[in-house]
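Structure first, commentary second.
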Amino acid sequence: MEFKKEIQESLKDYFKANFGVDIPNISISQINPDFRHLGDYAFNFNALRKIAKEHNADLKEIVLTVASTILAKQEGEAVESIRAQFAATDLDKGFINLKFSDQFWAKQLQSKIASGKVTSIAPKAGKVVLEYCGPNTNKPLHIGHLRNMMLGFSMSEVLKADGYDVTKVNIYNDRGIAICKSIAAYLHAGNGATPQSTGIKGDHFVGDYYVEFGKIVDAQLREKYALGAEVENVAKHLGKEREVIEQETPIFALAKDLLLKWEAGDAETIALWQKMNGWVYEGFNETFNTLGVDFEKDYFESDTYKLGKEIIELGLQKNVFKRRADGAVIIDLTPDGLDEKVVLRSDGTSVYITQDLGTAELRHNEFNMDRMIYVVGNEQDYHFKVLKLTLQKLGYQWADGIYHLSYGMVESPTGRFKSREGKTADADDLIAEVLRIAEERTKEQGKIDDFTNDEAKALYKTIGLGALKFFLLRVNPYKKIIFNPEESIDFHGQTGPFVQYTYARICSIIRKAAITPDSINVQTNLQGVERQIIQQLCEYENVIADASNKYDPSEIANYAYNLAKLYNKFYGELKILSADTDAEKHLRLTISQATANTIKHAMKLLGIDVPEKM
RNA sequence: GGUCCCGUAGCUCAGCUGGAUAGAGCAACAGAUUUCUAAUCUGUGGGUCACAGGUUCGAAUCCUGUCGGGAUCACCA
C-alpha cells in the first residue's frame, strides 16, 4: 500500500523543507476497531511535538496541511476523508484517521482477483541457507524436533514468499560415542535382528538399542557389585554420575572400542555403522515425508567433523586465536562480555565449535550465501553467539549474515520431556495420536460419508497434522511451549482445523455458486465486515514481510486465524448465494474466493494443507 | 555467582520500533440452525499487564532494581 510511504515522505519533506530537520517514520497502522467509524488507518503525530515546539510552530496546522496535500494528490477518488481528530486538550491524543472510499477497496479486491495472485512481492537479491532439524542418529525424532522442523520449514517458505532464494539443509550428527553405544548394544543383544525382521521402524529400531545399552550397563553393574533387584537406581546407589560409572562396564568398553575403530577407519566397524545409520535414515525419511518437510542438501557430521583446522591456523596467524601454555588454542572473548573459549584441544583434535567454524566456511564456499540461518534450540544461544563473533573476528564479512533462529523448549505439564517419561514425546507416536483424534472427531461430525477410504485417510492426515503444526507454530519461537497431549490437540478456536474448516466452507459455497465472478461492480456499497476482510487481505504482504524480517512464522499463523475468524463473521452476517442483488452476490463471491486463496497461501507458508471438504 | 530469555484473564497466547477504553481462544454461563458445512456465530462474566522506582504530554511496551521460572557459563555435542 503506497499511501503509507507517501504520508511518511510528505511529513519528512515538510519538516526538512520548513525546519531543516530529519524526522523518523511515523508508523501508520490499521485503525483500532473501536474507532473504525472514523476511518481505516490511523497514525499519531505526537512524536513530532517536541520538534514543532522547538520551532515555535503549530503541529496541528502542519499535520493538517500535509494531510490535505495528500488528499489532493489522491484526486478526490480514493481517500474519502482524512480527518484530524483532536481531543479537548489537544495534547492527549493527536491522531489522524484515514478513510478510503468503498470504490477504492472494491478496486483493490478486483485487482487481486484479476491478477490471480495473493501477493505482489517481487523476488529480491539475497541467497539464504537455512539449516534445520539436525537429528542425532542414535534415537528417533521427538517433539522438540517437531517444533524445529515446523519452524525451519515454515521459515524457509516465508522467506521464499518474501522474495528470497532459500536452500534448506540438514545436518546429521551421525558419529561419536552415542551411535557407538547403539552399535555395541546391537552386537551384544541384537542376534542379527533387523527392522525388516522385527517390523520396527528403522530409527526406532536403532533407538531401542540405545535404550538397551543403558539396560546392559545396569545389568553389568548389578553383577559387578552384586546388587539385588531391590536397588532401583544403580548409579545413585553407587553414588556416582551415570556417565562416570558406566565406564566401568564391558559394554561401555565395547562402545569405546568401536569409536576408536571407527576413527581408525576399520572396515568392519564402518560397514556396521553404515548399516545401522541406513536404517535410521529410512525411518527419518518416512517421518519427513509424513510431515512434508524436505532438504536440498544433507550434511553429515562424519564428513565435516574434521573441518575447521585451517581456520584455526588462520586465526593463529591473524592473532585472533592464541595458543595457551598447555597447547590448546583459544579465543578470548572476555572483551565482548563472553568467556575464553577453547577452539582446538591441546591434543590437536576438534571440539564442537571447530567443526561448526569449518562447516560454516564450507557452506559459504558452496553457496556464497548472504545469510545463513540455524534453527536450533535456545540452549545453544551462547554457542551461536560465540560462533558468529568468532567468524566476524576472523574477518569473514559473510558472518554478519548468520542468524540463530532460537526457539524455546517444548515441555510437558510436569516439566521437561524426559525420554523415560515414555512415549508422549516421541514424534511418530505423537503424529499417530493426532491422526487418531482427527479421525475420531471427523467421524463424530459425520460430514464425509461420500468419501472413499483413501480420501478419508488423507483428510485425517490433513486435519491432524494441521492441528499439530498450527499448535507448534502459532506461538512466538522464543517462548517455551507446554505440550499436554491430552489437551493441546484441539479443533476449535485458535487452531489449524478452524482455519481449514473456514477454507472448506468457502470451497463449498464456490462449488454451489456455479459462476466465476470475474468482475465486480466497484460502485457497490460495502458492508462493514466486507471492508474489513478486503483490508485484511491487503495487509497480507505486510505480514509476510514482518514474519520474514522478524524470523517469526507465528505472525502468519495469527494472521491466518484472524482472517478465518473475520470470514466466519462475514459468513454469519451476510447472505452470499442468495444476496439481494447480483452485484452483491458477485462481490461476496469474490471476497470469498480471495479469502480462500489467501488462507491457502498462508497455510502453505506454515506447511499446512487445506481440505476442500471436511 | 556472571550472562541471556521469559512473567499480560483460571489456562494457552496476541499486543512490545511508546499513543485512543489492554485483545483473542479454551474453560464457565446464556442464546442463534425451515436459508450457503453449527469443527460456526452472537452475548455475559473474568485484568494491580509479577513488583517497585525512573524517563515521557503519554508506559503492558523504554531504563534501573527486586521477586519468581528457565537456559547457559566443558579440551560434551
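Just so it is clear, the structure is predicted and the values come from calculations on it, not from any experiment. The sequence lines fix the lettering, A, B, ..., with proteins before strands; numbering per chain opens at 1.
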When the distance from [atom1] of [X] to [atom2] of [N] is rounded to whole Å, what number comes out?
X	N	atom1	atom2	value
A:Gln445	B:A38	CD	C1'	8 Å
A:Phe384	B:A77	CZ	C1'	11 Å
A:Lys341	B:U72	NZ	C1'	10 Å
A:Arg588	B:U35	CZ	P	19 Å
A:Gln30	B:G15	CD	C1'	14 Å
A:Asn562	B:G25	CG	P	10 Å
A:Ile312	B:C75	CD1	P	14 Å
A:Leu389	B:C4	CG	P	15 Å

Rounded distance in Å between the [atom1] positions of [N] and [M]:
N	M	atom1	answer
B:U56	B:A9	C1'	29 Å
B:U66	B:A28	P	42 Å
B:U8	B:U61	C1'	11 Å
B:A60	B:G31	P	38 Å
B:A14	B:G47	C1'	15 Å
B:U42	B:A24	C1'	16 Å
B:C62	B:G19	P	10 Å
B:A20	B:U37	P	40 Å

Taking 4.0 Å as the cut-off, does a side-chain nitrogen or oxygen of [X] come that near to OP1 or OP2 on [N]?
X	N	result
A:His492	B:U40	yes
A:Lys385	B:C73	no
A:Arg505	B:A38	yes

Sequence neighbours left out, what passes salt bridge (Lys or Arg N to Asp or Glu O under 4.0 Å) with [X]? Give chain and number order.
X	result
A:Asp203	A:Lys201
A:Glu440	A:Arg436
A:Arg324	A:Asp326, A:Glu340
A:Lys479	none

Should A:Lys443 and A:Glu439 count as an ion pair when the cut-off is N to O under 4.0 Å?
yes
A:Lys575/A:Glu584 ion pair, N-O < 4.0 Å
no
If you take atom types as modelled and just measure distance, does the side chain of A:Asn46 reach the base of B:A20 with a donor-acceptor pair under 3.5 Å?
no
Using a heavy-atom cut-off of under 4.0 Å over every strand shown, decide if [X] touches base, sugar-phosphate, or nothing.
X	result
A:Glu444	nothing
A:Asn97	base
A:Glu340	nothing
A:Tyr382	sugar-phosphate
A:Ala513	nothing
A:Asp339	sugar-phosphate
A:Arg175	nothing
A:Ala178	nothing
A:Leu344	nothing
A:Thr442	base
A:Phe498	sugar-phosphate

Given the ring of A:Tyr299, does A:Arg363 sit roughly above its face, with NZ or CZ under 6.0 Å from the centre of the six-membered ring and within 45° of the axis?
yes
Think A:Arg147 forms a cation-pi with A:Tyr407, using NZ or CZ under 6.0 Å from the six-ring centre and within 45 degrees of its axis?
no
Select from A:Gly327 and A:Lys565 the residue whose nearest nucleotide in RNA chain B is closer to the 5' end of that strand.
A:Lys565
Return whichever of A:Ser27 or A:Ile463 has its heavy-atom-nearest nucleotide of RNA chain B closer to the 5' end.
A:Ser27
Nearest heavy atoms of A:Asn44 and A:Ile26, plus distance in Å
O-CG2, 3.5 Å
For the side chain of [X], starting at C-beta, report the closest nucleotide among [options].
X	options	value
A:Glu555	B:G15, B:G23, B:A38	B:G15
A:Ala47	B:A20, B:G19, B:G23	B:G19
A:Arg511	B:U37, B:U21, B:U72	B:U37

Quick one: list whatever passes ring pair (Phe, Tyr, Trp, His ring centres under 6.0 Å) with [X], sequence neighbours left out.
X	value
A:Tyr561	A:Phe498
A:Tyr210	none
A:Phe284	none
A:Tyr559	A:Tyr540

Ordered by number, residues from residues 566-579 of chain A within less than 4.0 Å of RNA chain B (heavy atoms) are A:Asn568, A:Lys569, A:Tyr571, A:Leu574, A:Lys575, A:Ile576, A:Leu577
Just say parallel, tilted or perpendicular for the rings of A:Tyr567 and A:Phe570, cut-offs at 30° and 60°.
tilted
Could you tell me how the ring of A:Tyr374 sits relative to the ring of A:Phe384: parallel (under 30°), tilted (30 to 60°) or perpendicular (over 60°)?
tilted
Using the side-chain contact (heavy atoms from CB on, under 4.5 Å) criterion, which residues pair with A:Ala84? Sequence neighbours excluded.
A:Leu64, A:Phe86, A:Ile96
Give a yes/no verdict on base stacking between B:A24 and A:Tyr561: centres under 5.5 Å, planes within less than 30° of parallel.
no
Aromatic ring of A:Phe95 stacked on base six-ring of B:A20, 5.5 Å, 30°
yes
Hunt down any stem RNA chain B takes part in, defined as 3 or more consecutive Watson-Crick or G-U pairs whose two distances are each under 3.5 Å.
B:1-7 with B:67-73, B:10-13 with B:23-26, B:28-32 with B:40-44, B:50-54 with B:62-66
Close N/O contacts between protein and nucleotides 5-13 of chain B (under 3.5 Å):
unit_1: B:G7; atom_1: OP1; unit_2: A:Lys479; atom_2: NZ; d: 3.4
unit_1: B:C13; atom_1: OP1; unit_2: A:Lys480; atom_2: O; d: 3.4

